[in-house]
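Working notes, structure below.
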Amino acid sequence: MTSRIIAVDPFDLVVFGATGDLAYRKLMPALYHRHRDEQIPSVARIIGVSRRPMSDDEYRKLTEAALEKFVPVEEREPEQVASFLKRITYVSVDATAEKAGWPDLAKALEGGKDRIRAFYLAVAPDLFGIICEGLGAHHLVTPKTRVIIEKPIGKSLASANELNDSIGKVFKESQIYRIDHYLGKETVQNLMALRFANALFEPLWNANHIDHVQITVAESLGVEGRAGYYDTAGALRDMVQNHILQLVCLVAMEPPSRFDADALRDEKLKVLRALKPIVDGDVETVTVRGQYKAGASAGGPVPGYLEELGNDGSNTETFVAVKAEIENWRWAGVPFYIRTGKRLPSRLSEIVVNFKSIPHSIFEGAAGQLASNQLIMRLQPDEGVRLWLMIKDPGPGGMRLRHVPLDMSFAETFKIRSPEAYERLIMDVIRGNATLFMRRDEVEAAWKWIDPILDGWANSREAPKAYTAGTWGPSSSIALIERDGRTWHEEGA
């Protein structure tokens, strides 16, 4: 089976923060793969921008080193790497200074006023408004210009509004692409295909047939080099407000009238607005926050969060579990259990839809215990879909039932390389397809649900619950789900 590569129109892509980790680890490898698959037109230009002075050749060497580090060797053909590097140029711009490099950027963009122009802001959020203001002041924004914004989009509703206002002074809402790389993952998009392209699931996708939903986004690593940023954010802001709530929306939304950006985002917005507020005393009963202490990971000892941070007084959470509810007809009474954390046993992202048990069993006890059907969508590390069913165990000796999966691994089924999320999302920006990007009102609705939880924690005298690195979080997160007579789905369970 082959993948159909659809070329995009000529474009100029300007990456601010071109010497940062995101550019080297994700953006340049993504662009290389799109170049390698001949999706990028030969006239398209990629311009790296950062404050550090350097020549084109110096930046190309740094980019080549990044490709050697982050692109598998079997995917690095020397000819392809060389031709990719030729399309890259570099400009030094100090975004905080009025004339420091802006004229050089304008010169680098000469001759491309009528083509698509995209600015990727792979920088700290406090520079978003400054850079946008500079782009506007130096007349670099054209009718075909788009700007790509990375999270975090604020630390609260108020700061998110301030940030969006500063960007909105220069760009129309239709030109702003708030990127969430989780929405670019193959399995996330296949969730929409499973729901809306098959007659099998949609009639069952409601409170009459679904018992509960679990969403887990687990990391085995600690905060590593991000300790400074992470301590100002925490797991709720870093993961739940954006990634996980977007997954909740895709699971819970109503079928859109058509598959386009606004129809899809209208339905996601309805889900966010239907989330039951978690306020006051509810914060303590339906949320758990934890912080990892020293333990073991990958077969060796690892330090605790406070040791990595070098600050014994931090109350920042590295783990969050929440029991969320959606107050509408489709989902009334169906809890959504979500959890995310650092230093957990494995790197794992999955959505588990647990269907209700059958109303009556016709089988005798000797046939074995009946288990409920489960639909598991794995986002990482091995993307795929697994449907757990009850079947008869083959062989003579009467009726014996077993719980077995129908398992579809994307890698095994399609036998092709699955593009990384950033590859898909950058090309969608060039196409002007905003389907997988967050609209401003989505960001605001998410913060309206998150802010009361943060306020409840701030008003509480309790510190985050300690959990040992290499375990599945605090014991109270297990109690959160087990007091409802349910249990977390875990690898091998």
Side-chain angles (χ1 to χ4, degrees), residues 7-71 76-123 127 130-132 134-142 144-148 150 177 422-423 425-427 429-430:
V8 297
D9 292 334
F11 66 90
D12 290 333
L13 175 63
V14 180
V15 180
F16 282 86
T19 57
D21 182 70
L22 176 63
Y24 287 145
R25 182 183 296 270
K26 294 293 184 182
L27 304 185
M28 291 305 169
L31 290 165
Y32 165 73
H33 278 113
R34 294 302 89 219
H35 167 90
R36 178 173 175 255
D37 285 347
E38 299 182 352
Q39 191 169 22
I40 299 179
S42 59
V43 296
R45 298 180 293 190
I46 300 169
I47 303 170
V49 175
S50 187
R51 287 188 300 178
R52 187 192 311 176
M54 72 175 82
S55 67
D56 291 344
D57 285 341
E58 287 173 320
Y59 183 68
R60 286 168 182 156
K61 288 179 181 178
L62 292 173
T63 302
E64 185 176 15
L67 297 181
E68 291 175 356
K69 185 175 182 180
F70 298 115
V71 176
R76 294 198 315 266
E77 295 95 338
E79 299 83 3
Q80 292 286 359
V81 171
S83 61
F84 172 68
L85 293 173
K86 285 181 181 178
R87 68 162 77 239
I88 298 176
T89 57
Y90 180 85
V91 178
S92 174
V93 176
D94 185 348
T96 61
E98 183 177 350
K99 295 183 179 180
W102 288 108
D104 295 331
L105 179 57
K107 185 176 180 180
L109 288 167
E110 284 180 353
K113 190 174 182 179
D114 295 329
R115 66 169 62 178
I116 295 163
R117 181 178 293 178
F119 295 103
Y120 200 123
L121 307 192
V123 297
L127 293 175
I130 295 171
I131 291 175
C132 290
L135 294 173
H138 291 85
H139 311 291
L140 299 179
V141 179
T142 69
K144 291 184 178 181
T145 294
R146 291 109 199 220
V147 63
I148 309 169
E150 276 279 349
Y177 289 72
Y422 280 99
E423 298 177 45
L425 293 172
I426 292 173
M427 292 299 100
V429 172
I430 303 304

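Computation of the quantities below employed the complete heavy-atom set of this structure, encompassing side-chain atoms and omitting hydrogens, waters and symmetry-equivalent molecules. From a predicted model like this one, the values you see are computed outputs, not experimental measurements.
With sequence neighbours excluded, no residue forms a ring pair (Phe, Tyr, Trp, His ring centres under 6.0 Å) with Y24.
For the pair R115/V43, a side-chain contact is recorded, criterion being any heavy-atom separation below 4.5 Å from C-beta on. Put simply, the side chain of R146 reaches to within 4.5 Å of the side chain of I116, judged on heavy atoms. The shortest distance between side-chain heavy atoms of M54 and T19 falls below 4.5 Å. Side chains of H33 and Y422 form no contact here, defined as non-hydrogen atoms less than 4.5 Å apart.
Sorted by first and then second residue, the salt bridge (charged side-chain N to carboxylate O under 4.0 Å, His left out) pairs with a member in residues 58-67 read D57-R60; sequence neighbours excluded.
Electrostatic pairing of E68 and R76 does not count as a salt bridge here, judged by no charged N lying under 4.0 Å from a carboxylate O.
Taken to the nearest 0.5 Å, the CG atom of L31 stands 10.5 Å off from the CD atom of Q39.
Between F16 and F119, the ring-plane angle classifies as tilted under the 30° and 60° cut-offs.
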List the atom pairs, donor and acceptor, that lie under 3.5 Å between side-chain atoms in residues 103-112 and the rest of the protein, sequence neighbours left out.
none

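For E77, the CD atom counts as densely surrounded, since its 6.0 Å shell holds more than 12 non-hydrogen atoms of other residues, nucleotides or ligands.
Of the N and O atoms on the side chains of E150 and Y120, at least one donor lies less than 3.5 Å from an acceptor on the other residue.
A donor-acceptor pair under 3.5 Å is formed between the side chain of S92 and the backbone N or O of R51.
Looking at T145, L135, L13 one by one, the single match for side chain to side chain contact (heavy atoms under 4.5 Å, CB included) with R117 turns out to be T145.
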